[in-house]
Amino acid sequence: MGAAHSHDDLELSDSDSEYQEEGEEASYNDASEETPDKSSPSDRRPRTPSSVDDVEARLRALKLKYPTASKNQKSNLQNEVKLYVHHGGNTPKAKWVCFEKLTSYSFLKTSKVGGVHGGEDEADEESESESDGEGWWVLKVSSKVRVKVDAEMQLKTFKDQRRVDFVDHAVWAMKFFSDEDYQVFLGKYRDCLFENTYGYEANEANHVKVYGKDFIGWANPEKADDSMWEDAEDSFSRSPQTVTPVRRNQDLTQEFEEVANDGIQSLALGALDNSFLVGDSGIQVVKNFSHGIQGKGVYVNFGREQQRGGAGSSMAHSTPKKALLMRAETNMLLMSPFNDAKPHSRGLHQLDIETGRIVTEWKFEKDGTDITMRDIVNDSKGAQLDPSGSTFLGLDDNRLCRWDMRDRHGIVQDLVTSSAPVLNWAQGHQFTRGTNFRCFASTGDGSIVVGSLDGKIRLYSSSSMRQAKTAFPGLGSPITHVDVTYDGKWILGTTDTYLILICTLFTDKDGKTKTGFSGRMGNRIAAPRLLKLTPLDSHSAGATNRFRNAQFSWVTENGKQERHLVATVGKFSVIWNFQQVKDSGHECYRNQEGLKSCYCYKIVPKDDSIVESRFMHDKFAVTDSPEAPLVIATNMKVSSFSVSSRK
């Protein structure tokens, strides 16, 4: 399991004796080291050029390097830096190698993003500029690095070392020769990032245009009000429920590992006796224990139940991607998308867990017209434990509503003659355009947080879905998943390249502390905090792997506090200590610029891509553990890990 700090945090040496020059090689493999083909001696003999032109072409291709100027000689380069590249990943032999002792960087605006890595034609160079024009800003370093300025660079700053690390087919580091050089680079980088993200030139007027006057601290975190983060830390330490102190040295130990009967598509954790693995063609029931979940051997096959449900049922021909427990976990709602490219559904199936039968196939309908839903969640954090619950929340691109499985007239619908009973639209709003909702979650009192394609996060009270009480601006990346603490004080948004943690607390004009679900927050709004992988871990996870489904640990009682956050990236399950992230004095934040980003986490690696990572309900936390077990599901296995403290 990975530790909180990686090899990319190692301080770079300035000793020339420790340099290993890598830039003199004619070619360089960024992502992997390939073994050259073995050839005969005759194949290795240099071929005689047929003309002077061939000689010149060969010389240009070699990219010959000449000795760099000594420290006492005046260099004509602008924006001078030392360039390093990381070798060895997270292995014991990992090290930084000096790629060029003296080189330069520049920010160029170009339409040629995503070209061949490691050099550009002269014609391409002439079409790029450091001035205005159409295209994207890219960072160019030496002849090797050319990367679009965006969140996927995973840029990490080390102010005390005058250093930045980033990803571009490999993990790179630049060291600057003075504090002024370092600050100049960061200023240019932020301006280019803002323009690439929002399409506006970076200036104060456009910052207000993008973030709004109340959220200007998101653009200038140094000016933001961080008092709410400090108040939250104090309230956490005073909480009477904090019986087991938060320990910095904690280990995860694998307790159980089960092989699934079918390919796992989603994980439905229960707070009572059982949890459920939703697969391609059925559901496997597993038992909840204080050290994790373990199989019971009970399996519900969708195909067999389809025959009982009649010809109108489509369960056997679809794979559920969403499972929602209801009615004291005796029923489950299963929703299947049209296909992977279109995650919407026109209805859902209701499974009676006690009998193992699909009892109803519901349709989404409003005013006599079939509509679709993108996602469904429980009315509140603990609603699945209510034995009489009949309502749940639904979300589509421009709809937010509450569905009721009861007939609006109080008459039980005839499930035999009706091919698809219609859910009752009990409450909600259909927005005309522009919301582009993507995900949502509910608090303990039924308030709702919604994440959008444009990165905005909206807060709705439990009494109204028409207008958001608070709308946090986006940071440029779509919100693909969102979660909220039981008390509604903290929101965790997932994007492809980072997690965003938002404090919803504010003080109203009467001096009372409230959350953004209950009123407008005004201008005393704390800047968010970001949770990121280090450039090295991000590169190790793979360019195509994104953050997915970040969640808080699970509590369903007032006064209790979530203790951890967990997210999935490819084959990694990544865990943060919640209190550590909130601690303004945490070491991660000491030498950073801009929004505070926490890089202190633990990684649980798996052999296969992870479907979902979630903490069990906190009732399963044993006395010697600060947290309930962590459950990690891959396509064919589910593993349980207990959290213990090192002495």
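We number each residue from 1, following the sequence as shown.
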J.: Quick check: are there more than 12 heavy atoms from other residues, nucleotides or ligands sitting under 6.0 Å from NZ of Lys469?
T.: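 It does not: Lys469 NZ has 12 such atoms or fewer within range.
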
J.: Does any donor atom in the side chain of Asp483 or Asn549 lie under 3.5 Å from an acceptor atom in the other side chain?
T.: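 Note: Asp483 and Asn549 side chains miss the donor-acceptor criterion.
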
J.: Step by step, work out the side chain to side chain contact (heavy atoms under 4.5 Å, CB included) result for Phe431 and Asp396.
T.: CA-CA 10 Å; Phe431 298 87; Asp396 204 24; over 6 Å; no

J.: For the residue pair Thr504 and Lys514, confirm or rule out a side-chain donor-acceptor distance under 3.5 Å.
T.: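 Looking only at side-chain atoms, Lys514 and Thr504 do not form any donor-acceptor pair under 3.5 Å.
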
J.: Taking the six-membered ring of Tyr599 as reference, does the NZ or CZ atom of Lys156 fall below 6.0 Å from its centre and within a 45° cone about the axis?
T.: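 Geometry flag: set, cation within 6.0 Å and 45°.
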
J.: Show the nearest heavy-atom pair for residues Leu139 and Phe185, with the distance to one decimal.
T.: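 Here Leu139 and Phe185 meet closest at CD1-CE1, 4.0 Å.
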
J.: Working to the nearest 0.5 angstrom, can you tell me the gap between Lys381 NZ and Ser447 OG?
T.: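 One gets 12.5 Å once the value is rounded to the nearest 0.5 Å.
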
J.: Nearest 0.5 Å, what's the CG-CZ distance between Leu155 and Phe166?
T.: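 The distance works out to 7.5 Å.
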
J.: Going by atom types only, do Ser477 and Thr495 share a side-chain donor-acceptor pair under 3.5 Å?
T.: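 Absent: no donor and acceptor within the cut-off.
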
J.: Determine whether the side chains of Asp445 and Ser462 contain a donor N or O and an acceptor N or O closer than 3.5 Å.
T.: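 No, Ser462 and Asp445 have no side-chain donor paired with an acceptor closer than 3.5 Å.
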
J.: Under 30°, 30 to 60°, or over 60°: which ring-plane class applies to Phe107 and Tyr189, parallel, tilted or perpendicular?
T.: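 Tilted.
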
J.: Closer than 3.5 angstrom, by distance alone: can the side chain of Asn436 be matched with the main-chain N or O of Asp397 as a donor-acceptor pair?
T.: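 Judged by distance alone, no pair lies under 3.5 Å.
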
J.: Considering non-hydrogen atoms only, spot the tightest contact between Met465 and Cys401 and give its length.
T.: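 For Met465 versus Cys401, the nearest heavy atoms are SD-CA, 3.7 Å.
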
J.: Pairing donors with acceptors under 3.5 angstrom, does anything connect the side chains of Thr494 and Thr480?
T.: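 Checked: Thr494/Thr480 side chains show no N/O donor-acceptor pair below 3.5 Å.
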
J.: Taking NZ, NE, NH1 and NH2 as the nitrogens, is one of them in Asp165 or Arg163 under 4.0 Å from a carboxylate oxygen of the other?
T.: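 So Asp165 pairs with Arg163 through a salt bridge.
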
J.: Angle class for the Trp425/Trp403 ring planes (parallel below 30°, perpendicular above 60°, tilted otherwise)?
T.: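 Geometry flag for Trp403 against Trp425: perpendicular rings.
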
J.: Between Arg190 and Glu195, does any side-chain N to carboxylate O distance fall below 4.0 Å?
T.: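 Judged by the 4.0 Å cut-off on N to carboxylate O distance, Arg190 and Glu195 do not form a salt bridge.
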
J.: Would you say that more than 12 heavy atoms from the other residues, nucleotides or ligands in this model lie under 6.0 Å from the NZ of Lys209, or not?
T.: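 No - once you tally the heavy atoms of other residues, nucleotides and ligands closer than 6.0 Å, there are 12 at most.
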
J.: Is the Lys NZ or Arg CZ of Lys582 less than 6.0 Å from the centre of Phe578's six-membered ring, within 45° of the axis?
T.: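 Yes, Lys582 sits over the ring of Phe578.
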
J.: Between atom CE of Met153 and atom CG of Leu193, what is the distance when rounded to the nearest 0.5 Å?
T.: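 Rounded to the nearest 0.5 Å, the CE-CG separation comes out at 9.0 Å.
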
J.: Side chains of Leu400 and His429: does their closest heavy-atom pair fall under 4.5 Å?
T.: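 No, their side chains stay 4.5 Å or more apart.
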
J.: Under a plain distance cut-off of 3.5 Å, with no hydrogens placed, do Arg458 and Ser452 share a side-chain donor-acceptor pair?
T.: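 Arg458 and Ser452 do have a side-chain donor-acceptor pair below 3.5 Å.
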
J.: Less than 6.0 angstrom from the centroid, inside 45 degrees of the normal: does Arg162 satisfy that with respect to the ring of Tyr182?
T.: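 Negative - Arg162 is either too far from the ring of Tyr182 or too far off its axis.
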
J.: Can you classify the ring geometry of Tyr589 versus His586 as parallel (below 30°), tilted (30 to 60°) or perpendicular (above 60°)?
T.: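 Perpendicular.
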
J.: Gln579 and Gln561: side-chain donor and acceptor closer than 3.5 Å?
T.: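 Their side chains do not contain a donor-acceptor pair, so the 3.5 Å distance test is not met.
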
J.: Where do Asp404 and Thr391 come nearest, in terms of heavy atoms and distance?
T.: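 The pair with the smallest heavy-atom distance is CG-CG2, 3.6 Å.
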
J.: Does any non-hydrogen side-chain atom of Phe472 lie less than 4.5 Å from one of Met521?
T.: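 Yes, side chains in contact.
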
J.: Give the minimum heavy-atom separation between Gln154 and Thr497, together with the two atoms involved.
T.: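 Distance-wise, the nearest heavy atoms are NE2-O, 3.1 Å.
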
J.: How long is the gap from CG on Leu385 to CD on Glu329, to the nearest 0.5 Å?
T.: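 Reported value, rounded in 0.5 Å steps: 5.5 Å.
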
J.: Would you mind checking if Arg438 and Asp375 are paired as a salt bridge, meaning a charged N to carboxylate O distance below 4.0 Å?
T.: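 Salt bridge between Asp375 and Arg438, a charged N being under 4.0 Å from a carboxylate O: no.
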
J.: State, yes or no, whether a side-chain contact exists between Ile575 and Leu252 at a heavy-atom distance under 4.5 Å.
T.: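 Of all side-chain heavy-atom pairs linking Leu252 with Ile575, at least one is under 4.5 Å.
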
J.: Distance alone, cut at 3.5 Å: any donor-acceptor contact between the side chains of Ser553 and Glu627?
T.: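 Short answer, yes.
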
J.: Measuring from atom OG of Ser336 to atom CD of Gln265, what distance do you get when rounded to the nearest 0.5 angstrom?
T.: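 Reported to 0.5 Å precision, the distance equals 10.0 Å.
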
J.: So Pro528 and Leu501, do their side chains get closer than 4.5 Å, heavy atoms only?
T.: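 No - every pair of side-chain heavy atoms lies 4.5 Å or more apart.
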
J.: Could you check whether any side-chain heavy atom of Leu475 comes within less than 4.5 Å of a side-chain heavy atom of Leu595, counting everything from C-beta outward?
T.: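 Side-chain contact under 4.5 Å: yes.
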
J.: Got a donor-acceptor contact below 3.5 angstrom from the Ser464 side chain to the Ser461 backbone?
T.: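 Not confirmed, Ser464 side chain does not pair with Ser461 backbone.
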
J.: Mark yes or no: Arg614 above the aromatic ring of Trp554, with NZ or CZ under 6.0 Å from the six-membered ring centre and no more than 45 degrees from the axis.
T.: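 Cation-pi check for Arg614 and Trp554: passes.
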
J.: With rounding to the nearest 0.5 angstrom, report the CG to CG distance, Leu533 to Asn545.
T.: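 Leu533 atom CG to Asn545 atom CG measures 10.5 Å (nearest 0.5 Å).
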
J.: Please name the pair of heavy atoms, one in Leu333 and one in Met326, separated by the smallest distance, quoted to 0.1 Å.
T.: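 Smallest interatomic distance, heavy atoms only, reads CD1-SD, 3.3 Å.
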
J.: Only one of Asp386, Leu393, Ile448 clears side chain to side chain contact (heavy atoms under 4.5 Å, CB included) with Asp379; which?
T.: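 It is Leu393; the other options fail the test.
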
J.: State whether the number of non-hydrogen atoms from other residues, nucleotides or ligands found under 6.0 Å of Lys456 atom NZ is greater than 12.
T.: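 Incorrect, the count does not exceed 12.
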
J.: Is the number of heavy atoms from other residues, nucleotides or ligands within 6.0 Å of NZ (Lys159) greater than 12?
T.: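 At most 12 heavy atoms, drawn from other residues, nucleotides or ligands, come within 6.0 Å of this atom.
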
J.: For Val147 and Asp168, work out which heavy atoms get closest and say how close.
T.: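 So the minimum-distance heavy-atom pair works out to CB-CG, 3.6 Å.
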
J.: Are a donor atom and an acceptor atom from the side chains of Ser275 and Asn288 found within less than 3.5 Å of each other?
T.: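 Indeed, the side chains of Ser275 and Asn288 share at least one donor-acceptor pair under 3.5 Å.
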
